[in-house]
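For reference, the structure discussed in these notes is given below.
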Amino acid sequence: MSRFEAKKPSLCKTEPLTSEKVRFTLSVLKGILASCYGPSGRLKQLHNGLGGCVCTTSQSSALLRNLSVTHPVLKVLTASVQNHVSCFSDCGLFTAILCCNLIENIQKIGLTPTKVIKLNKYLLGLCTSYLKSEACSCRIPVDFSSTHIFLGLVRSILTSKPACMLTRKEADHISALILKAFLLTIPESAEDRVILGKSIIVPLKGQRVIDSAVLPGLLIEISEVQLRLLPTQKSSALKVALFCVSLSGDFSNAGEGTVVVPYQVSLENAVLEQLLNLGRQLVGDQVDLVLCQKVIHPSLKQFLSEHHIIAIDRVGVTLMEPLSKVTGATPIGSLNTIASTTYGSVKDLSSARFGSKHFFHLIPNEATVCSLLLCSRNDTAWEELKLTCQTAMHVLQLTIKEPWVLLGGGCTETHLAAYIRHKVHNEAEDVVREDGYSQAELRIATEAFCSALESVASSLEHDGGDILIDMKYGHFWSGQSDSASVVNWQDMLSRCGCGLYNSQEGLSWSFLRSTYHPFAPQKCLSQAAVGTASNLTVDCFTAKLSGLQVAIETANLILDLSYVIEDKN
């Protein structure tokens with residue numbers, strides 16, 4: 001077919017970051033993301049002007065999934081952050097804001113991209129080596145004999161998502177449930193390799209958050225009529241058959257091609273007879289419970305019921321893996337003869353009612369699967385809470401692999417910026433001698449880098465308050481607005497951002513964005529101080545370290561772009 005119009009040549013733009021439109025768009029994106037950051041972050045409503053559902057959130061995963069960006073530079077940035085979040089679940093906003101700040105700051109200093117990229121890599125190396133070292137005083141080792149750090153980590157994630165609409169009591173309750181659910185997924189007897197189980201989130205909307213609960217095993221929602229199917233009490237375990245194939249008698253899985261049916265043969269009757277033969281085998285094998293991912297034919301259901309076998313269909317693909325873990329059954333994918341090794345078992349089966357919903361509760365013999373019954377007052381809060389709980393569970397898994405956390409509340413960022421400034425100030429001559437940069441270039445790039453880190457911490461303040469840094473530990477402090485005339489900071493400030501230190505420790509402060517002489521942050525992080533902090537705010541070490549690397553590497557990639565070539569056809 002011939003074209004209706006001639007093919008347009010590709011549009012080639014040089015130095016995309018010099019465009020005022022690109023800079024403005026990048027600034028707008030940074031403003032949107034920075035305004036969502038932290039416990040007092042502002043919520044965003046995203047919706048299609050033509051209709052559809054409305055998403056109310058402050059989480060990076062939901063924001064970037066629903067935001068429509070068109071410029072290639074922004075696509076690179078958002079794709080990098082989304083990839084980070086898909087791997088680590090947390091610190092998406094931190095990554096995006098730091099990347100935007102770094103690009104914005106470097107555009108102002110006038111160094112060539114080649115020099116800036118190399119200097120950024122050097123500064124990133126300083127950050128990562130310090131954060132991984134024993135000398136780092138914003139990294140806390142996790143004590144597995146106590147739940148203090150774990151609860152602080154989960155609570156920090158929950159309280160940083162205001163769209164969950166949780167009170168302090170509710171946040172504490174959900175934090176304890178998430179930690180309990182996570183602990184239930186850890187096998188009691190671990191050999192060389194620990195394989196964690198799974199926690200299934202079961203929705204219960206319209207109920208109080210405080211009614212949420214954790215149950216070992218699996219909850220499968222059923223109708224009130226199905227409650228009559230409960231078996232009589234058995235002293236032994238219940239035998240289970242798990243089907244991933246449809247038992248409805250349809251031909252949806254027949255594949256492509258032609259089905260040839262002999263004359264006067266009823267296809268429906270033939271299939272039904274095959275299903276009943278399957279039912280007879282299940283009866284003969286003394287199966288007590290049949291679970292099917294898809295639909296079970298009513299006649300087969302009735303046949304199984306007459307022989308006191310419970311049949312539950314439409315369990316869905318999501319529950320197939322957990323069901324296999326709970327029961328030990330292998331999903332059956334055909335209607336042929338079933339091998340005895342594919343069957344599984346459960347310790348018991350009981351009914352449960354929560355709110356207006358009825359459930360079958362599968363109680364395992366020994367399994368690492370549990371159900372988190374998650375309640376919330378409305379759909380919007382529940383969706384945000386579900387996403388937050390999934391993030392918290394993933395973060396706990398990451399913390400098991402790398403048992404450290406970083407101080408939160410902006411303190412790691414300001415402390416790290418103070419450390420980098422002092423390190424470069426003292427070692428500038430060595431760096432210049434090795435890499436051939438001038439001291440002026442190194443210090444300009446370092447200031448842009450550290451200022452970007454501090455700007456991430458500054459994004460936590462949304463009410464116009466004054467932002468300070470103490471000259472001893474390099475921690476982040478936030479005070480009331482119009483406090484420039486205050487002489488005695490001790491009376492105005494309470495605790496630093498992470499909650500580790502209070503203002504009554506003989507500290508001196510400086511405004512964060514003011515010029516101060518580089519100083520070495522004191523390294524006196526004691527386990528006793530960590531243990532006595534009641535509401536410590538901490539971040540996932542693995543997620544934040546990855547976010548730092550992704551932000552700087554993405555900024556370097558964008559700064560190195562010389563041309564953007566777009567096909568407009």
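One-based numbering along the sequence shown. Note that these values count all heavy atoms, side chains included, but never hydrogens, waters or copies made by symmetry.
- Contact of the Leu335 side chain with the Val245 side chain is registered, since non-hydrogen atoms from C-beta on lie closer than 4.5 Å.
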| message | salt bridge (Lys or Arg N to Asp or Glu O under 4.0 Å) for Arg280 and Glu273? Distances and angles first, verdict last. | response | CA-CA 10 Å; Arg280 293 183 189 101; Glu273 185 59 31; 3.3 Å; yes
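- Atom CG of residue Leu372 and atom CD of residue Gln390 lie 10.0 Å apart, to the nearest 0.5 angstrom.
- Looking at Asp143 and Ser146, their side chains come closer than 4.5 Å, going by heavy atoms from C-beta outward.
- Summarising the geometry of Phe541 relative to Trp404, their closest heavy-atom pair is CB-O, 3.2 Å, with the distance given to 0.1 Å.
- Glu221 has no carboxylate O lying under 4.0 Å from a charged side-chain N of Arg314, or vice versa, which leaves the two without a salt bridge.
- Residue Glu383 holds its CD atom at 10.5 Å from CG of Asn378, rounded to the nearest 0.5 Å.
- Under the 4.0 Å criterion applied to side-chain N and carboxylate O atoms, Lys294 and Asp313 are not assigned as salt-bridge partners.
- Scanning both residues, Ser248 and Leu275, for their nearest heavy atoms gives C-CD1, 4.3 Å.
- Here the OG atom belonging to Ser305 is positioned 9.0 Å from the CD1 atom belonging to Ile310, to the nearest 0.5 angstrom.
- Using modelled atom types, no side-chain atom of Ser345 and backbone atom of Leu238 make a donor-acceptor pair closer than 3.5 Å.
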| Worked check of side-chain hydrogen bond (donor to acceptor under 3.5 Å, both in side chains) between Lys75 and Thr70 | CA-CA 7 Å; Lys75 285 183 177 180; Thr70 55; over 6 Å; no
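- To the nearest 0.5 Å, the span separating CG on Asp172 from CG on Asn535 amounts to 7.5 Å.
- Formation of a donor-acceptor pair under 3.5 Å by the His297 side chain with backbone atoms of Ser299 is found in this model.
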Identify every side-chain donor-acceptor pair in residues 203-220 under 3.5 Å, counting partners at least two apart or on other chains, and give the distances.
unit_1, atom_1, unit_2, atom_2, d
Arg208, NE, Asp211, OD2, 3.3
Arg208, NH2, Asp211, OD1, 2.8
Ser212, OG, Val209, O, 2.9
Ser212, OG, Cys375, N, 2.9

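- In terms of modelled atom types and a separation under 3.5 Å, the side chain of Arg139 and the main chain of Val405 share no donor-acceptor contact.
- The closest donor-acceptor contact from the side chain of Thr412 to the backbone of Leu407 lies under 3.5 Å.
- For Glu306 and Lys301, the salt-bridge test fails: no basic side-chain N is under 4.0 Å from an acidic carboxylate O.
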| query | Given the rule in the side chain to side chain contact (heavy atoms under 4.5 Å, CB included) test, do Leu278 and Leu247 qualify, once you have shown the distances and angles that lead to the verdict? | reply | CA-CA 10 Å; Leu278 179 69; Leu247 301 180; 3.8 Å; yes
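- Salt-bridge annotation for Glu402 and Lys132: absent, with no side-chain N of the basic residue lying under 4.0 Å from a carboxylate O of the acidic one.
- Between Tyr37 atom OH and Ser160 atom OG the span is 9.0 Å, to the nearest 0.5 Å.
- No donor-acceptor distance shorter than 3.5 angstrom exists from the side chain of Ser546 to the backbone of Ala543, with no hydrogens or angles considered.
- Checked by atom type, the side-chain pair Ser351/His358 shows no donor-acceptor distance below 3.5 Å.
- Donor-acceptor pairing under 3.5 Å is recorded for the side chains of Ser80 and Thr554.
- Arg377 places no side-chain N or O within 3.5 Å of a backbone atom of Trp382 that could act as its donor or acceptor partner.
- Formation of a donor-acceptor pair under 3.5 Å by the Thr147 side chain with backbone atoms of Phe150 is not found in this model.
- A side-chain donor from one of Gln59 and Thr388 sits under 3.5 Å from a side-chain acceptor of the other.
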| request: Decide yes or no on salt bridge (Lys or Arg N to Asp or Glu O under 4.0 Å) for Lys161 and Glu384, but give the supporting numbers first. | output: CA-CA 8 Å; Lys161 307 295 186 292; Glu384 188 80 352; over 6 Å; no
| message | Please evaluate residues Asp285 and Lys239 with respect to the criterion salt bridge (Lys or Arg N to Asp or Glu O under 4.0 Å), reporting the C-alpha separation (whole Å), side-chain torsions for both, the decisive distance (0.1 Å), and the verdict. | response | CA-CA 9 Å; Asp285 290 341; Lys239 198 170 186 180; 5.6 Å; no
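- Under a 3.5 Å cut-off, the side chain of Arg42 and the backbone N or O of His462 do form a donor-acceptor pair.
- Two residues are said to be in side-chain contact when any heavy atoms from C-beta on lie closer than 4.5 Å; Ile312 and Leu289 meet this criterion.
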